[in-house]
Amino acid sequence: MIFIANWKMKMGLSATLELTRTLTRQLRQLPDGTEVVVCPSYLNLTSVFPLLKGSRLQLGAQDCFWEAQGAFTGEISPRDLQEQGCRFVILGHSERRLHLNETDEQIHRKVEAALASSLVPVLCIGENYEQRAGNQKDNVLIRQMQVALQGVALGADDRMIIAYEPVWAISTGGVGIEATPQEVQYAGEVIRHIVIDLFGKATLDQKVQIIYGGSVHSGNVRAFTSLPVISGVLVGGASLKADEFIQVIAAASGGGNQQ
Ligand code: 13P
């Protein structure tokens with residue numbers, strides 16, 4: 001099971017370091033097969049990385065550019081991220097699609113670039129409220145994945161994570177509805193079939209994980225992580241408080257409080 005904390009642009013340096021220190025201290029013992037990834041803002045990555053040494057936490061970035069180097073003022077190279085300690089990179093988050101007009105074609109290039117720099121892409125896909133209301137969910141997932149992943153080759157050491165994050169279920173910017181486990185299982189199955197279509201079943205089994213994100217907290221996480229198709233969660237708001245994020249991890253495996 002993988003737990004990815006997306007800290008977005010929500011914390012300054014000192015809060016980021018304090019949260020990181022608390023998490024490394026309190027998450028020394030994780031069950032085998034449990035991975036925890038923290039994704040601070042770009043500027044805080046290099047301050048967080050030294051604190052993770054010797055801990056079970058891994059580092060991720062929230063985006064990268066589609067070239068590793070060149071005349072691209074202001075952009076962030078996936079190679080630099082890898083050299084600065086990142087193992088994961090979130091790509092195609094709905095907030096970037098919305099505020100920066102990121103397209104599936106650009107996200108495709110970013111996925112290729114991330115893999116070329118030995119990063120694990122965490123590809124975010126998901127329909128918005130209007131698309132859901134118009135019964136377009138399947139079409140949206142198919143289009144986003146086909147464009148982002150068509151022609152992508154996963155090498156022997158590559159790994160990829162697909163995060164189903166319905167825009168309407170995100171705690172900030174959503175419409176205040178939580179996804180039901182049935183909806184997540186359904187979307188997960190759709191995603192699973194598209195991955196099999198694009199890469200084959202063996203690649204799905206060995207290199208691709210499907211996770212869920214959108215208002216995940218300690219009270220609902222187990223309902224998602226117990227779904228056969230889901231191997232982890234992408235957590236926004238609930239990852240900003242150490243106690244709650246630790247509770248999310250505990251509750252996912254059956255411990256902690258459940259509503
Ligand atoms: P929330 O968990 O705050 O809904 O955020 C989800 C998200 O956008 C994670 O990438």
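Indexing begins at 1, ligand by ligand and atom by atom, following the structure's order. Keep in mind that what you see is a predicted model, and the values were worked out from it rather than measured.
The distance criterion of under 3.5 Å between nitrogen or oxygen atoms is met by Gly236 with respect to ligand 1. Taking only nitrogen or oxygen atoms, main chain and side chain alike, Lys8 reaches within less than 3.5 Å of ligand 1.
Within the 4.0 Å heavy-atom cutoff, Ala238 does not count among the residues contacting ligand 1. By the 4.0 Å heavy-atom criterion, Gly214 is counted among the residues contacting ligand 1. For the ligand labelled ligand 1, residue Leu234 lies inside the 4.0 Å heavy-atom shell.
With sequence neighbours excluded, the residues forming a salt bridge (charged side-chain N to carboxylate O under 4.0 Å, His left out) with Arg159 are Glu35, listed by chain and number.
Between Ser47 and Asn44, the side chains place no donor N or O within less than 3.5 Å of an acceptor N or O (distance only, hydrogens not considered). Looking at His217 and Glu244, their side chains never bring a donor and an acceptor atom within 3.5 Å of each other. Judged purely by distance below 3.5 Å, without hydrogens or angles, the side chains of Gln62 and Trp7 never pair a donor atom with an acceptor atom. Side chains of Tyr42 and Asp80: a donor-acceptor N/O pair is absent below 3.5 angstrom, by distance only.
Applying the ring pair (Phe, Tyr, Trp, His ring centres under 6.0 Å) test to every pair with at least one member in residues 189-214, sequence neighbours left out, gives these pairs: Tyr212-Phe224.
At most 12 non-hydrogen atoms from other residues, nucleotides or ligands lie less than 6.0 angstrom from CD of Gln29. Under a cut-off of 6.0 angstrom, the local environment of CD in Gln69 is sparse, with at most 12 non-hydrogen atoms contributed by other residues, nucleotides or ligands.
Regarding atom 1 (P) of ligand 1, its nearest protein heavy-atom neighbour is Ser171 OG, 3.4 Å. Protein heavy atom at the shortest distance from atom 7 (C) of ligand 1 is Glu165 OE2, 2.9 Å.
Under 4.0 Å from ligand 1, the heavy atoms of Asn6 that appear belong solely to its side chain.
Each of the following atoms of ligand 1 lies closer than 4.0 Å to a heavy atom of Ser215: 1 (P), 2 (O), 4 (O). Every atom of ligand 1 with a heavy atom of Gly237 under 4.0 Å away is listed here by number and element: 1 (P), 2 (O), 3 (O). Close contacts of ligand 1 with His93, meaning ligand atoms under 4.0 Å from a residue heavy atom, involve 7 (C), 8 (O), 9 (C), 10 (O).
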